[in-house]
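A short worksheet on the structure shown next.
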Amino acid sequence: MKSTRDQMRDLLAARGEATAGDIARELGLNQANIRRHLEVMRAEGLVDVSIQRGAIGRPSYAYRLTERAEELNGHYPRLVNRMVRQLAALPDGGQAVLAQVFDGVAEDIAGTHRSQVNGVSLAERVEQTSEALKDEGIVDHWVRTDDGFSLMNTTCPYRKAAEASDAPCHADHRTVELLVGVPVEQVSRMVDGHHVCEYVIREAQVRAAETAPEKAS
């Protein structure tokens, strides 16, 4: 049997938005209890709230699922996995189409978060990139290493899709690189059997890349 929270999420997904009273009536539960669940879901970033003002009486509060909550719905990953597999199986250029699509995805994600990554130092940008990409499911933590930085992800949101094509992994790699603004090497992928997806930035390589134009001139 589904939990109250799951039932609320299903109802909001079906209706688009609803008040606490609407949800309570539909589920046959206490309105105060529903409000408590909604406040927890709002704190977790799963619902947004807007004020509905009528001609008379007090305003009511309408709740709707956030984009993050919708993406947590199990149907989304399955749909993406199936689409990737179908595209990858297309003859004469299916993989090329996927690569183009996911390159666009990387540009879109990086563009969405670029204002959040404005540090002057590389360490600042690595930290900001890691924080910005947590909700995207691309990076969930980072560490300082002897020769640079390592950004890691411990959950794969589209493992089945990555089994069909390298394009999703390439898009994540490209997104990290676009945000930190320096060369990034992917050294492990969960789809290959590793425990984490890991992106490494080696400071020696960064310095070499920065001084290369000066040597050429």
Side-chain angles (χ1 to χ4, degrees), residues 43-46 48 66-72 76-77 80-81 84 95-217:
E44 293 175 349
L46 300 177
D48 283 331
T66 62
E67 184 177 344
R68 177 171 179 265
E70 291 176 345
E71 289 171 351
L72 290 174
Y76 276 67
V80 171
N81 293 339
V84 169
Q95 291 287 356
V97 171
L98 271 175
Q100 184 176 355
V101 168
F102 277 97
D103 278 347
V105 169
E107 294 283 350
D108 184 66
I109 296 173
T112 298
H113 298 288
R114 190 159 281 124
S115 63
Q116 299 169 250
V117 184
N118 51 23
V120 175
S121 71
L122 179 56
E124 288 175 324
R125 297 198 303 277
V126 167
E127 180 177 11
Q128 292 164 349
T129 295
S130 180
E131 187 63 31
L133 294 181
K134 279 183 180 179
D135 285 343
E136 299 287 352
I138 296 175
V139 174
D140 55 33
H141 69 287
W142 68 280
V143 296
R144 188 76 164 87
T145 63
D146 291 339
D147 62 348
F149 303 90
S150 178
L151 298 92
M152 287 169 279
N153 193 32
T154 55
T155 58
C156 181
Y158 31 63
R159 184 186 294 269
K160 293 297 183 183
E163 290 173 356
S165 171
D166 288 335
C169 295
H170 173 76
D172 286 357
H173 180 189
R174 180 62 178 152
T175 301
V176 174
E177 202 164 55
L178 286 169
L179 286 174
V180 296
V182 297
V184 174
E185 178 185 356
Q186 184 165 15
V187 297
S188 68
R189 303 189 312 166
M190 281 179 281
V191 71
D192 296 326
H194 297 280
H195 295 301
V196 298
C197 292
E198 184 175 5
Y199 309 93
V200 169
I201 300 170
R202 307 185 196 280
E203 289 184 299
Q205 291 180 355
V206 173
R207 288 192 293 269
E210 290 173 344
T211 58
E214 297 177 2
K215 291 181 180 179
S217 59

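Predicted model, so just to flag it, every value in this text is computed and none were measured.
Within the 4.5 Å cutoff, side-chain heavy atoms of Val84 are placed close to those of Leu98. Put simply, the side chain of Leu178 reaches to within 4.5 Å of the side chain of Arg174, judged on heavy atoms. Within the 4.5 Å cutoff, no side-chain heavy atoms of Ile138 are placed close to those of Asn153. By the 4.5 Å heavy-atom criterion applied to side chains, Leu133 and Val176 are counted as neighbours. Using a 4.5 Å heavy-atom threshold, the side chains of Gln128 and Asn118 count as touching. By the 4.5 Å heavy-atom criterion applied to side chains, Thr145 and Ile201 are not counted as neighbours. Side-chain contact between His170 and Asp103 is present, with at least one heavy-atom pair separated by less than 4.5 Å. Side-chain contact between Glu136 and Asp172: absent, with no pair of heavy atoms (C-beta onward) separated by less than 4.5 Å.
Distance check, rounded to the nearest 0.5 Å: CG of Asp140 to CE of Met152 gives 8.5 Å. Annotation: the span from Gln186 atom CD to Leu151 atom CG amounts to 11.0 Å, rounded to 0.5 Å. Rounding to the nearest 0.5 Å gives a distance of 10.0 Å between NE2 of His141 and NZ of Lys134. Put simply, CD on Glu163 and SG on Cys156 are 8.5 Å apart, with the number rounded to the nearest 0.5 Å. To the nearest 0.5 Å, atom CD of residue Glu198 and atom CD of residue Glu185 are 9.5 Å apart.
A 6.0 Å sphere centred on CD of Gln116 holds more than 12 heavy atoms belonging to other residues, nucleotides or ligands.
Under 4.0 Å is where a charged nitrogen must lie from a carboxylate oxygen, and between Asp166 and Arg189 at least one such pair does. The pair Glu127-Arg144 fails the salt-bridge criterion, with no side-chain N (NZ, NE, NH1 or NH2) lying under 4.0 Å from an Asp/Glu carboxylate O.
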>> With side chain to side chain contact (heavy atoms under 4.5 Å, CB included) as the criterion, how do His113 and Thr175 come out once you've worked through the C-alpha distance, each side chain's angles and the decisive distance to 0.1 Å?
In response: CA-CA 10 Å; His113 298 288; Thr175 301; over 6 Å; no
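Closest approach of Arg202 and Asp147 over heavy atoms only: NH1-OD2, 3.3 Å. Taking each heavy atom of Glu203 and Leu122 in turn, the nearest pair found is CG-CD2, 4.4 Å. When all heavy atoms of Ala162 and Cys169 are compared, the pair lying nearest together is CB-SG, 3.9 Å. Here the closest non-hydrogen pair linking Ala171 and Phe102 is CB-O, 3.4 Å.
Remark: the backbone N or O of Val196 is paired with a side-chain donor or acceptor of Ser188 at under 3.5 angstrom. In terms of modelled atom types and a separation under 3.5 Å, the side chain of Thr112 and the main chain of Asp108 share a donor-acceptor contact. Between the Glu177 side chain and the His173 main chain, no donor and acceptor come within less than 3.5 Å of each other.
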